[in-house]
Amino acid sequence: MNKHKLFSKLKIALIFLFWISIWQLIYILVDKEIFIVSPLSVFKKFIEYLRLPEFYYSILFSFIRIFSGFLLGMIIGVALAIIASVNKLLYTLFSPIITIAKTVPAASIILLVFIWLKSAFIPTFISFLLVMPLFYVNTYKGIAQTDKKLTEMASVFGFSKLKKIKYIYAPSIFPYFLTAFSSGFGLSWKSGITAEILCSPLYSIGSNLKDAKTYLETSDIFLWTAVIIILSLLFEKLSLKIIEKTFPYMRRKNLETEQYK
Amino acid sequence: MKLNNINKNFDNFEVLKNFSIEIKDNKTTCLFGKSGCGKTTLMNIICGIIKDFGGKINLPSKKISVIFQETRLLPWFTVAKNISIISKKYLYYLNAVELLEFQYYYPENLSGGMRQRLNIARALSYDFDILIMDEPFKGIDLTLKTKIMDFIKSETKNKTVIFTTHDYNEAIYLSDEIVYLDGPPLKITKVQQIK
């Protein structure tokens with residue numbers, strides 16, 4: 001490991017330690033376990049939960065529900081953006097739906113969908129509904145921002161449609177796609193868990209959180225929250241690594257977005 | 001190749017007004033004129049980038065290659081990949097413009113002159129019948145310029161070449177015919193036979 005990497009890892013560890021200390025300090029100042037628990041008791045709870053099969057089932061099923069909604073939102077959002085870029089009439093047609101999907105509060109949709117769907121499908125649907133416009137808007141923007149001079153060059157050199165997509169459009173859209181991917185991932189977890197809390201499907205992180213709140217198990221609330229954060233970050237990093245490995249050249253240039261520097 | 005009564009406006013600004021010209025086949029024609037007189041617009045019409053114009057072009061259906069004024073390289077690909085997606089003989093062309101050792105570089109890591117050389121190599125690597133060069137030697141240093149001009153000459157034997165410049169030495173060195181232009185709107189002031 002080189003010096004720079006070591007320093008960067010040390011910096012992350014120090015930042016982590018700093019915030020854990022702040023947490024511990026607040027715990028000492030408040031001194032009431034019902035309001036705030038210590039980092040140590042959350043860690044103990046975590047070790048305790050690791051022995052329970054329900055812990056893994058809850059994580060697995062929540063992940064399946066939320067991630068399937070995320071994937072569906074990604075596929076449909078990208079597909080609609082491509083269609084809307086080709087046909088301006090369809091773009092105008094989709095606009096009100098996208099605006100509504102972007103602005104309606106997740107809780108309103110959850111309550112409405114609660115009447116329509118089985119509770120197990122609600123987190124998937126909510127996750128899909130919140131992520132889809134994000135992919136749609138970003139992909140559409142990526143297509144619109146594609147450098148016209150490059151597409152003209154491609155026409156001069158007789159690129160086929162497929163070649164234009166592969167060599168010009170896809171790399172141009174990619175930074176926008178990654179932005180949607182990163183923010184969408186967090187959003188799908190947040191909205192999916194909220195939906196689980198409200199509709200309590202069997203084996204879910206959300207219903208565990210709801211139970212913890214009902215029985216005033218503050219350490220459980222902290223633990224499940226930490227699990228959500230860790231899972232969301234872990235899977236986001238993992239997915240981005242897979243994308244990077246699959247399309248290495250797409251990480252280069254068109255790097256106006258801060259995230260890709 | 002004949003262009004008859006070509007008209008092109010940008011908003012209300014007339015760049016081409018009833019402009020006509022005949023380009024000789026298998027010869028190198030230089031369109032010589034000051035910056036902003038409308039040469040690039042004319043080139044863009046000939047190579048099909050500008051499609052909304054008035055008038056008629058009598059262009060044999062042949063393959064056109066272009067050395068663009070702005071390099072138009074794909075920033076996400078290496079030097080080699082920028083050409084290899086057009087021609088399998090990319091190493092030969094990279095060598096000719098002295099970019100072989102930079103083949104794994106990305107355009108953003110090249111100087112302006114190097115990017116222009118890559119632009120030239122890409123255009124020459126395309127299997128063309130007509131070559132259009134719009135200010136092709138911008139940023140290329142003098143020592144390399146002559147070498148690249150000689151390479152272009154050798155690659156364009158018996159092919160139709162149209163190029164713009166405002167450097168008289170380039171015009172004399174490469175052309176069979178120089179068409180002097182003024183404008184806008186673009187007009188021919190003189191035609192000079194060189195060879």
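Each chain gets a letter, A, B and so on, in the order the sequences are listed, and its residues count up from 1. These numbers come from a predicted model, not from an experiment.
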Notebook entry, point to check: chain A heavy atoms under 4.5 Å from L73(B): which part of the residue, side chain, backbone, both or neither?
Noted result: backbone
Next item on the list: Decide if atom NZ of K88(A) counts as having more than 12 heavy atoms of other residues, nucleotides or ligands within a radius under 6.0 Å.
Entry: yes
Item checked: Flag if over 12 foreign heavy atoms under 6.0 Å of CZ, F46(A) -> no
Notebook entry, point to check: Is K56(B) atom NZ crowded by more than 12 heavy atoms from other residues, nucleotides or ligands, each under 6.0 Å away?
Noted result: no
Notebook entry, point to check: Which distance, rounded to the nearest 0.5 Å, do you find between the NZ of K149(A) and the CZ of F68(B)?
Noted result: 9.5 Å
Checklist line | Heavy-atom check, side chain of F157(A) versus side chain of I85(B), under 4.5 Å | finding: no
Checklist line | Flag if over 12 foreign heavy atoms under 6.0 Å of NZ, K34(B) | finding: yes
Note to self: I'd like to know whether CZ of F121(A) has more than 12 heavy-atom contacts from other residues, nucleotides or ligands below 6.0 angstrom.
What the structure shows: no
Margin query: Need one label for K63(B): side chain, backbone, both or neither, based on atoms under 4.5 Å from any heavy atom in chain A.
Written below: neither
Item checked: Close approach to chain A in residues 43-53 of chain B, criterion heavy atom under 4.5 Å -> C47(B), I49(B)
Item checked: Test item: W76(B) side-chain N/O and I168(A) main-chain N/O as donor-acceptor pair under 3.5 Å -> no
Check: Taking side chain as C-beta onward, heavy atoms only, is Y126(B) less than 4.5 Å from V156(A)?
Finding: no
Next item on the list: Check whether any side-chain heavy atom of L74(B) sits under 4.5 Å from a side-chain heavy atom of M153(A), and report yes or no.
Entry: yes
Next item on the list: Inspect the surroundings of NZ in K164(A) and state if more than 12 heavy atoms from other residues, nucleotides or ligands are less than 6.0 Å away.
Entry: yes
Item checked: Residue list, ring-ring contact (aromatic ring centres under 6.0 Å, His included) with F102(B), at least two apart or on another chain -> Y105(B)
Notebook entry, point to check: Rounded to the nearest 0.5 Å, how far apart are CD1 of I86(B) and NZ of K163(A)?
Noted result: 7.0 Å
Check: More than 12 heavy atoms of other residues, nucleotides or ligands under 6.0 Å from NZ of K89(B): is that the case?
Finding: no
Check: Is it the case that more than 12 heavy atoms not belonging to K2(B) sit under 6.0 Å from its NZ atom?
Finding: no
Notebook entry, point to check: What part of I64(B) lies closer than 4.5 angstrom to a heavy atom of chain A: side chain, backbone, both or neither?
Noted result: backbone
